[in-house]
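Each remark here refers to the structure printed beneath this line.
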Amino acid sequence: MSPDQIGFQTLLKKEVMRFWSVLGQTVTAPVITALLYLLVFAQAMQGRASVYPGVSYTEFLLPGLIMMTVIQNAFANTSSSLIQSKVMGNLVFLQMAPLGPWEWFGAYVTAALVRTTLVASAMLLVTIPFVQLPINAPLALLAMFLVSSASLAVLGLIAGIVSQKFDHIAAFTNFFITPLSFLSGVFYSVHALPAFWYQASHLNPFFYMIDGFRYGFFGQADVPLLQSLLWSLGFLLVASTVCMWMLKTGYKLKK
């Protein structure tokens, strides 16, 4: 095994163990929160909201809630880990280790994918008694899940790099991640919106992540699958390019 592989695997193990040690906070709590959204909105909106033909509102809602939870947790996993290392002063030990930018990038993003896979799987399992979702396009479902999770994990890395304290991460979450995830068609079809908000929704990258993920279950969505996939891949490419530049140059990491 090469030194690069050893470094990557060690950092990956450290990141997985970090969230695994507090599984109740990192996996159980988001699942319970999403279930509360499901119970409340399904009860309040069933039969009142117009969604896809042959799809009940509860069925429509669940994939959106899963992807919204995945988005928030992927971002939180990488951003919280990096800012914790900065605040606690142990980031220097990672910088001293023989780890290249790709090892940092790969380990943090892979750990976030492990966490989001656990969260999404747990949500699907606990909702089986209430909602049985069809899977019409499994490859599309997997592709949108991986691309969306990776995109927000990379964005979390960027937020962790530029932030100097926990308040900065909270600002990213409160003013960017949460509003965009709530306004991305989780609870409604964008076709039900007025013209202005309908057009505005198409500028939200989270909308394409959720819409493409929903297509994997129902085989229908608000926009074509290819459009959702290209938007999501484009977002991932841009975020990854910025993140790798930061890691290679040591931006906000080296004092």
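Using bins of under 30°, 30° to 60° and over 60° for the plane-to-plane angle, the ring pair Phe206/Phe176 lands in the perpendicular bin. In this structure, Phe145 and Phe213 have tilted ring planes: the angle between them lies in the 30° to 60° band. Using cut-offs of 30° and 60° for the angle between ring planes, the Trp102 and Phe105 rings count as perpendicular.
Side chain of Asn136 to backbone of Phe217: a donor-acceptor contact under 3.5 angstrom is found. Without hydrogens or angle criteria, Thr127 side chain to Met123 main chain gives a donor-acceptor distance under 3.5 Å. Put simply, the side chain of Asn174 gets close to the backbone of Ala170: a donor and an acceptor are under 3.5 Å apart. The backbone N or O of Phe196 lies less than 3.5 Å from no partner atom in the side chain of Gln199, so there is not a single donor-acceptor pair. Judged purely by atom type and a 3.5 angstrom limit, Arg214 uses its side chain to pair as donor or acceptor with the backbone of Val186. Distance alone, capped at 3.5 Å, places no donor-acceptor pair between the Gln72 side chain and the Thr173 backbone. At distances below 3.5 Å, not a single donor-acceptor pair connects side-chain atoms of Lys86 with backbone N or O atoms of Leu253. A donor-acceptor pair under 3.5 Å is absent between the side-chain atoms of Ser149 and the main chain of Leu146, judged by distance alone.
One hydrophobic cluster, built from ILVMFWY side chains closer than 4.5 Å, cannot hold both Leu230 and Val147; they sit in different ones. No single ILVMFWY cluster, assembled from side-chain heavy atoms under 4.5 Å apart, contains both Leu237 and Met244. Residues Val119 and Leu12 share a single hydrophobic cluster, defined by chaining ILVMFWY side chains whose heavy atoms lie under 4.5 Å apart. Linking Ile, Leu, Val, Met, Phe, Trp and Tyr residues whenever their side-chain heavy atoms come within less than 4.5 Å places Ile71 and Val190 in a single cluster.
Contact between Pro205 and Trp231 at its shortest, heavy atoms only, is CA-CE3, 4.4 Å. Residue Leu183 comes nearest to Asn204 through the heavy atom pair O-ND2, 3.3 Å, listed as atom of the first residue, atom of the second, then distance. Residues Ser163 and Ala159 share a closest heavy-atom pair of OG-O, 2.6 Å. What you find for Leu61 and Ala42 is that their closest heavy atoms are CD2-N, 4.0 Å. The heavy-atom pair separating Ile83 from Ser80 by the smallest distance is CG2-O, 3.4 Å.
Between the side chains of Ser189 and Asp222, at least one donor N or O sits under 3.5 Å from an acceptor N or O.
A distance below 6.0 Å separates the ring centres of His202 and Tyr198.
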